[in-house]
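The block underneath contains the structure these notes are about, expressed in structure tokens.
Numbered from 1 within each chain, the chains take letters A, B, ... in sequence-line order. Please read all numbers here as calculations on a predicted model, not as lab measurements.
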Amino acid sequence: MVDRGLLDADPVEVAPLLLGKVLAHGGRAGRIVEVEAYRGADDPASHAFRGQTARNAAMFGGPGLLYVYFTYGMHWCANVVCGPEGEAGAVLVRALEPLCGLGAMRASRLAGRRGGAGRPGEPPDRELCRGPANLARALGIDGRHDGVDLLSSGTGAGRPRLLDDGVAPPTRPARGPRIGVRWGAEEPWRFWVAGEPCVSGRPPPD
DNA sequence: CTTTGGATCGTCT
DNA sequence: GACGATCCAAAGG
């Protein structure tokens with residue numbers, strides 16, 4: 001299990017440390033390979049920029065909570081809340097390397113898509129958890145899990161969890177501007193594991 | 001290969 | 001009433 005103290009800091013510092021950790025839920029698990037940091041009142045790209053609301057309340061909670069939000073009328077995205085309670089901050093999980101339950105991941109992905117029956121060519125393993133909305137759907141995480149504690153030691157096997165299996169974060173993570181934001185796009189607060197094929201977006205030039 | 005637009009609805013102005 | 005921390009498929013080069 002991840003130490004809660006690790007998360008009780010500025011999201012920009014916590015984000016690269018989450019690379020290598022494991023996000024698990026419902027018999028499925030993946031290693032975090034791409035994240036983005038979002039801060040509070042000083043970050044115009046953050047949901048918490050204009051203060052606390054019913055939607056972003058989890059962002060103001062204590063470190064280790066899960067913040068799940070709904071967007072574009074159809075997508076859920078999962079964040080790890082960090083920083084002290086009362087202060088907004090979170091790290092958006094953008095991509096995972098699938099580890100366990102790949103069959104269930106693929107089933108969730110296919111169940112969620114619109115239109116007719118499956119087309120030829122299902123998603124390859126490395127695309128199962130590529131992108132924030134995709135990984136939430138693959139793991140079965142949605143609005144019901146907003147505000148749950150990822151670090152509580154209870155026996156809920158059906159509960160989302162953040163695990164540390166001893167794999168260290170990269171000593172020199174790749175780093176660049178956040179994706180899909182209009183304001184604050186210049187801040188290099190996106191971090192990923194260099195060379196990792198499960199990372200979303202275009203393959204980095206190097 | 002790149003570009004474009006549709007889907008779809010909770011949240012905040 | 002407008003617009004998303006997105007994704008995918010279809011159309012165009």
Which pairs would a plain distance check flag for residues 68-88 of chain A, meaning a side-chain donor or acceptor within less than 3.5 Å of a matching protein atom at least two apart in sequence or in another chain?
residue: N79(A); atom: ND2; partner: Y67(A); partner atom: O; Å: 3.1

Which side-chain N or O atoms in residues 32-42 of chain A pair as donor and acceptor under 3.5 Å with protein atoms at least two apart or in another chain?
residue: E34(A); atom: OE1; partner: S200(A); partner atom: N; Å: 2.7
residue: E34(A); atom: OE1; partner: S200(A); partner atom: OG; Å: 2.9
residue: E34(A); atom: OE2; partner: R94(A); partner atom: NE; Å: 3.0
residue: E34(A); atom: OE2; partner: R190(A); partner atom: NE; Å: 2.8
residue: E34(A); atom: OE2; partner: R190(A); partner atom: NH2; Å: 2.9
residue: E34(A); atom: OE2; partner: S200(A); partner atom: OG; Å: 3.0
residue: E36(A); atom: OE1; partner: Y38(A); partner atom: OH; Å: 2.7
residue: E36(A); atom: OE2; partner: I179(A); partner atom: N; Å: 2.9
residue: R39(A); atom: NH2; partner: D10(A); partner atom: OD2; Å: 3.2
residue: R39(A); atom: NH2; partner: D42(A); partner atom: OD2; Å: 3.4

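Interatomic distance, CZ of F60(A) versus OG1 of T53(A), reported as 7.5 Å (0.5 Å rounding).
The pair D142(A)-R137(A) does not count as a salt bridge, with every side-chain nitrogen at least 4.0 angstrom from each carboxylate oxygen. Salt bridge annotation for R4(A)-D149(A): present, with a cationic side-chain nitrogen under 4.0 angstrom from a carboxylate oxygen.
Screening residues 125-147 of chain A for ring-ring contact (aromatic ring centres under 6.0 Å, His included), with sequence neighbours left out, gives H25(A)-H145(A).
Distances were taken from every side-chain heavy atom of R137(A) (C-beta onward) to each of dT6(C), dC8(C), dT13(B); the shortest belongs to dC8(C). For M74(A), the listed nucleotide lying nearest its side chain is dA7(B); candidates were dA7(B), dT11(B), dT13(B). Comparing dC8(C), dA7(B), dT13(B) by their closest approach to the side chain of R109(A) singles out dC8(C).
Annotation: dC3(C) and dG5(B) have their C1' atoms spaced 16 Å apart (nearest Å).
The CZ-C1' distance, from R130(A) to dT6(C), rounds to 14 Å in whole Å. Rounded to an integer number of Å, the gap from CG of N56(A) to C1' of dG10(B) is 13 Å. dT13(B) atom P lies 12 Å from atom CZ of F49(A), rounded to whole Å. Taking atom CG of N134(A) as the reference point, atom P of dA9(C) lies 11 Å away to the nearest angstrom. Atom pair L110(A):CG and dA9(C):P shows a separation of 11 Å (rounding to whole Å applied).
Secondary-structure annotation of DNA chain B gives the stems B:1-7 with C:6-12, B:9-12 with C:1-4, with a stem taken as at least 3 successive Watson-Crick or G-U pairs whose two distances both fall under 3.5 Å.
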Table of protein N/O atoms under 3.5 Å from nucleotides 1-5 of chain C N/O atoms:
residue: dG4(C); atom: OP2; partner: R182(A); partner atom: NH1; Å: 2.4
residue: dA5(C); atom: OP1; partner: H47(A); partner atom: NE2; Å: 2.5
residue: dA5(C); atom: N7; partner: H47(A); partner atom: NE2; Å: 2.9
residue: dA5(C); atom: N1; partner: N79(A); partner atom: OD1; Å: 2.6
residue: dA5(C); atom: N3; partner: Y69(A); partner atom: OH; Å: 3.2

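Remark: D8(A) pairs with no residue by the side chain to side chain donor-acceptor pair (under 3.5 Å) rule, at least two apart or across chains.
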Would D125(A) and R130(A) satisfy salt bridge (Lys or Arg N to Asp or Glu O under 4.0 Å), going step by step from the backbone distance to the final call?
CA-CA 10 Å; D125(A) 290 354; R130(A) 190 171 182 214; over 6 Å; no
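At a cut-off of 3.5 Å, with distance as the only test, no side-chain donor of R161(A) or S152(A) sits close to an acceptor on the other residue.
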